[in-house]
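Encoded as structure tokens, the structure appears first; notes follow it.
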Amino acid sequence: MERQKIKNILLNGETSKQVLVKGWVRTKRGSKNVNFIALNDGSTIHNLQIVADVNNFDDEILREINTGASLSVMGKLEESTGSGQKVELIAETIELLGKADPEKFPIQPKKHSLEFLRENAHLRFRTNTFGAVFRVRHAMAFAIHKYFNEKGFYYLHTPIVTASDAEGAGQMFRVSTLDAKNPPLTDKGSVDYSQDFFGRPTNLTVSGQLEGELGATALGEIYTFGPTFRAENSNTTRHLAEFWMIEPEMAFYDLKDNMDLAEEFLKSLIKYALENCMDDLQFLGNRLKEEEKNKPQEQRSMDLIEKLEFVLNNDFVRITYTEAIEILKNSKPYKKKKFQFPVDWGVDLQSEHERYLVEKHFKCPVILTDYPKEIKAFYMKQNADGKTVGAMDVLFPQIGEIIGGSQREESLEKLEKRMKEMNIPAEEMWWYLDIRRFGSVIHSGFGLGFERFIQFVTGMGNIRDVIAFPRTPKNAEF
RNA sequence: UCCCUAGUAGCUCAGUUGGUUAGAGCGGCGGACUGUUAAUCCGUAGGUCGUAGGUUCAAGUCCUACCUGGGGAGCCA
């Protein structure tokens, strides 16, 4: 007999039919004559209720059906006489596939703190919350590929190991096969990387963008979706040392095209989540409400599903950096000196400023554009005013910057000049400059932090709870 | 990296101005129960109070250092 998924049975199972299911026990309840087993197989957040007549089974096997144990159950699907579920499985045979010692299995049928579950990341998939998060995460990854594929973008695999350290996106992880205790040295006493595996210093990538531009200026539109590594000592709810990033890069796109794409892209993902993950989103929404029950009203977040629908149905606000500075200077917290950091044209916006704009002033996702060139990367399109560059950051409530992107400088001359000003070694990046030498075109792109986006969709407050095995400073367990 | 905060039973936490033998709920185990919904009821076991020093007649409680977690900031996605 073929095994059926619980999702399928709950959706369109026919009563009086013989079915076979396999899964893990969430709880077992019982009385003298009958035992109820909530079985979950990961296909859905919902459990299938198994009804076991005590008289039909050995005491031995019933005793070993504990939370966490795995079972194979065959029986007849029937309408449930109890409330809480439409159908239930009247067990005829139960095979205990794997025991779970109730004294040792850490996941109990009760509420666990997210901190505790993080320390049991290998088992936390077995909880409702993490089951929901990882099903949604999968759906979003799939929706990303679907969106770009339908738009004619090509999925480009940019390298994980890179020799360029000029990407300017923070500290990198060194990749080396040299003996760390006793590395070969040059005459001058520094480490001789010419003897290393690649014959030069190499690192894990901090961005696939530069290689992405090479692909885009031939294939037209590409995107990357891969792991990214930053060796920053960041200890926040929004940072990981290893995270996943989506980086589309498009030839012939100017900054406005870039913004249009970013907005349409985000909305299509949210739409996909609402259409395909409603069960899980509802659970996550309730979880969030429960968690925030003790918070004062004004600190509570909007209902998860309402929030997603709101973002889907409203245009993102688009303003320039200069306009944002004006708004901040006229704001109440600025006048009352509530901001901790200064607001002046030329300084980078702090999270408190971004939060004010998004959460208080506009109450809506905001795209900020045209930042001062001094606070942005060398490759961004230099605007005619000589002061700003064609950058765009998409700011979301609670998460902050979810997308960072720009139109890229396509003029070889201007780019080389800017690199010189910023002390970026042009010789090492000859390949990056070559696309400006040969058939240069305007082009744009952006990077979406996948985990930050999953935080937004699931309402999870800590980025470590939306990736299976988080890598953070001092933590690489599992 | 900086600031704040926490670490007591398997989990979540209480533990008074330092004072005798360290507490609860949940979970586990044993039993009861006519179909339960994180079932309920009765009983029971379970602790090097994060680690190392120090102050004191006396430290879970006070002090110092370190470790780990959480929140915030910076850096960024």
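Just so we're on the same page: letters track the sequence lines, and every chain starts at 1.
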- When you look at A/Glu401 and A/Arg238, which way does the salt bridge (Lys or Arg N to Asp or Glu O under 4.0 Å) test go after all the steps? CA-CA 10 Å; A/Glu401 185 183 339; A/Arg238 304 181 304 283; over 6 Å; no

- For atom CD of A/Glu79, is the number of surrounding heavy atoms from other residues, nucleotides or ligands below 6.0 Å larger than 12? no

- Message: Can you see whether A/Gln209 engages A/Tyr379 through a side-chain donor-acceptor pair at a distance of less than 3.5 angstrom?
- Response: yes

- Task: For RNA chain B, determine which residues of residues 107-121 of chain A have any heavy atom closer than 4.0 angstrom to one of its atoms, and list them numerically.
- Result: A/Gln108, A/Pro109, A/Lys110, A/His112, A/Ser113, A/Glu115, A/Phe116, A/Arg118

- Item | ring pair (Phe, Tyr, Trp, His ring centres under 6.0 Å) partner of A/Tyr223, chosen from A/Tyr155, A/Phe265, A/Tyr154 | A/Tyr155

- Note on the structure: Among the nucleotides B/G70, B/U36, B/A77, whichever has the atom closest to the side chain of A/Arg464 is B/G70

- Query: Side chain of A/Lys32: nearest nucleotide among B/C75, B/C33, B/U37?
  - Reply: B/C33

- Query: Is there a donor N/O on one and an acceptor N/O on the other, under 3.5 Å, for the side chain of A/Ser234 and the base of B/C76?
  - Reply: no

- Would you tell me if any nitrogen or oxygen in the side chain of A/Arg29 comes within less than 4.0 Å of OP1 or OP2 on B/U36? no

- Classify the nucleic acid contact of A/Ile399 as base, sugar-phosphate or nothing, counting any heavy atom under 4.0 Å across all strands shown. nothing

- To the side chain of A/Thr27, which of B/A39, B/G71, B/G74 is closest? B/A39

- Query: Whole-Å distance between B/A77 C1' and A/Glu249 CD?
  - Reply: 15 Å

- Note on the structure: In numerical order, the residues of residues 448-459 of chain A whose heavy atoms come under 4.0 Å of RNA chain B are A/Gly449, A/Arg452

- Query: A/Tyr223 has an atom OH; how far is it from atom P of B/A77, in whole Å?
  - Reply: 21 Å

- Item | Contact residues, residues 277-286 of chain A to RNA chain B [heavy atom, < 4.0 Å] | none

- Task: Mind calculating the distance between CG (A/Leu48) and C1' (B/U37) to the nearest angstrom?
- Result: 13 Å

- Query: Within this structure, what is the CD-to-C1' distance between A/Glu477 and B/G69, rounded to whole angstrom?
  - Reply: 14 Å

- Residues touching RNA chain B, which here means a heavy atom under 4.0 Å, drawn from residues 94-104 of chain A: A/Pro102, A/Glu103

- Note on the structure: Parsed dot-bracket for RNA chain B after applying the Watson-Crick and G-U rules with both distances under 3.5 Å and | for other-strand partners is (((((((..((((.....[...)))).(((((.......))))).....(((((..]....))))))))))))....

- Think A/Gln350 has a side-chain N or O under 4.0 angstrom from the OP1 or OP2 of B/G74? yes

- Message: Within the 4.0 Å heavy-atom criterion, would you say A/Glu352 contacts the bases, only the backbone, or no part of the nucleic acid?
- Response: nothing

- Task: For A/Glu119, check side chain to side chain donor-acceptor pair (under 3.5 Å) against everything at least two apart and list the hits.
- Result: none

- So, does the side chain of A/Asn235 form a donor-acceptor pair with the base of B/U1 at under 3.5 Å? yes

- Item | Partners meeting salt bridge (Lys or Arg N to Asp or Glu O under 4.0 Å) with A/Glu359 (sequence neighbours left out) | A/Arg355

- To the nearest angstrom, the CG-C1' distance between A/Asn475 and B/C67 comes to 14 Å

- Message: Let's see if you can work this out: which of B/C75, B/U37, B/A73 has an atom nearest to the side-chain heavy atoms of A/Ser351?
- Response: B/A73

- Whole-Å gap separating P (B/A73) and CG (A/Asn233): 16 Å

- Task: For A/Gly461 and for A/Met245, find the nucleotide of RNA chain B with the closest heavy atom, then tell me which residue's nucleotide is more 5'.
- Result: A/Gly461

- Write out all pairs satisfying ring-ring contact (aromatic ring centres under 6.0 Å, His included) with one or both partners inside residues 459-478 of chain A, taking only residues at least two apart or from two chains. A/His122-A/Phe478, A/Phe125-A/Phe469

- A/His443/A/Tyr253 aromatic ring centres below 6.0 Å: no

- Note on the structure: Residue pair A/Glu401/A/Thr472 against RNA chain B: nearer the 5' end by closest nucleotide is A/Thr472

- Euclidean distance, atom CZ of residue A/Phe105 to atom P of B/C29 [Å, nearest integer]: 14 Å

- Message: Per the ring-ring contact (aromatic ring centres under 6.0 Å, His included) rule, what does the pair list look like for residues 66-117 of chain A, sequence neighbours excluded?
- Response: A/His112-A/Phe116

- Sorted by chain and number, sequence neighbours left out, side chain to side chain donor-acceptor pair (under 3.5 Å) with A/Arg471 holds for none

- Are the aromatic ring centres of A/Phe153 and A/Tyr147 under 6.0 angstrom apart? no

- Query: What residues, two or more places apart in sequence or in another chain, satisfy salt bridge (Lys or Arg N to Asp or Glu O under 4.0 Å) together with A/Lys99?
  - Reply: A/Glu64

- Using 4.0 Å as the upper bound for N to carboxylate O, is an ion pair formed by A/Glu421 and A/Arg418? yes

- Task: Step by step, work out the salt bridge (Lys or Arg N to Asp or Glu O under 4.0 Å) result for A/Asp465 and A/Arg118.
- Result: CA-CA 7 Å; A/Asp465 297 329; A/Arg118 225 168 275 151; 2.7 Å; yes

- Query: What nucleic acid atoms does A/Thr236 come within less than 4.0 Å of, heavy atoms only: base, sugar-phosphate, or nothing?
  - Reply: base

- Note on the structure: salt bridge (Lys or Arg N to Asp or Glu O under 4.0 Å) filter on A/Arg464, not counting sequence neighbours, yields none

- Can you check the A/Asn35 CG to B/U37 P distance for me, whole Å? 14 Å

- So which nucleotide from B/C29, B/U37, B/G72 ends up closest to the side chain of A/Thr237? B/G72

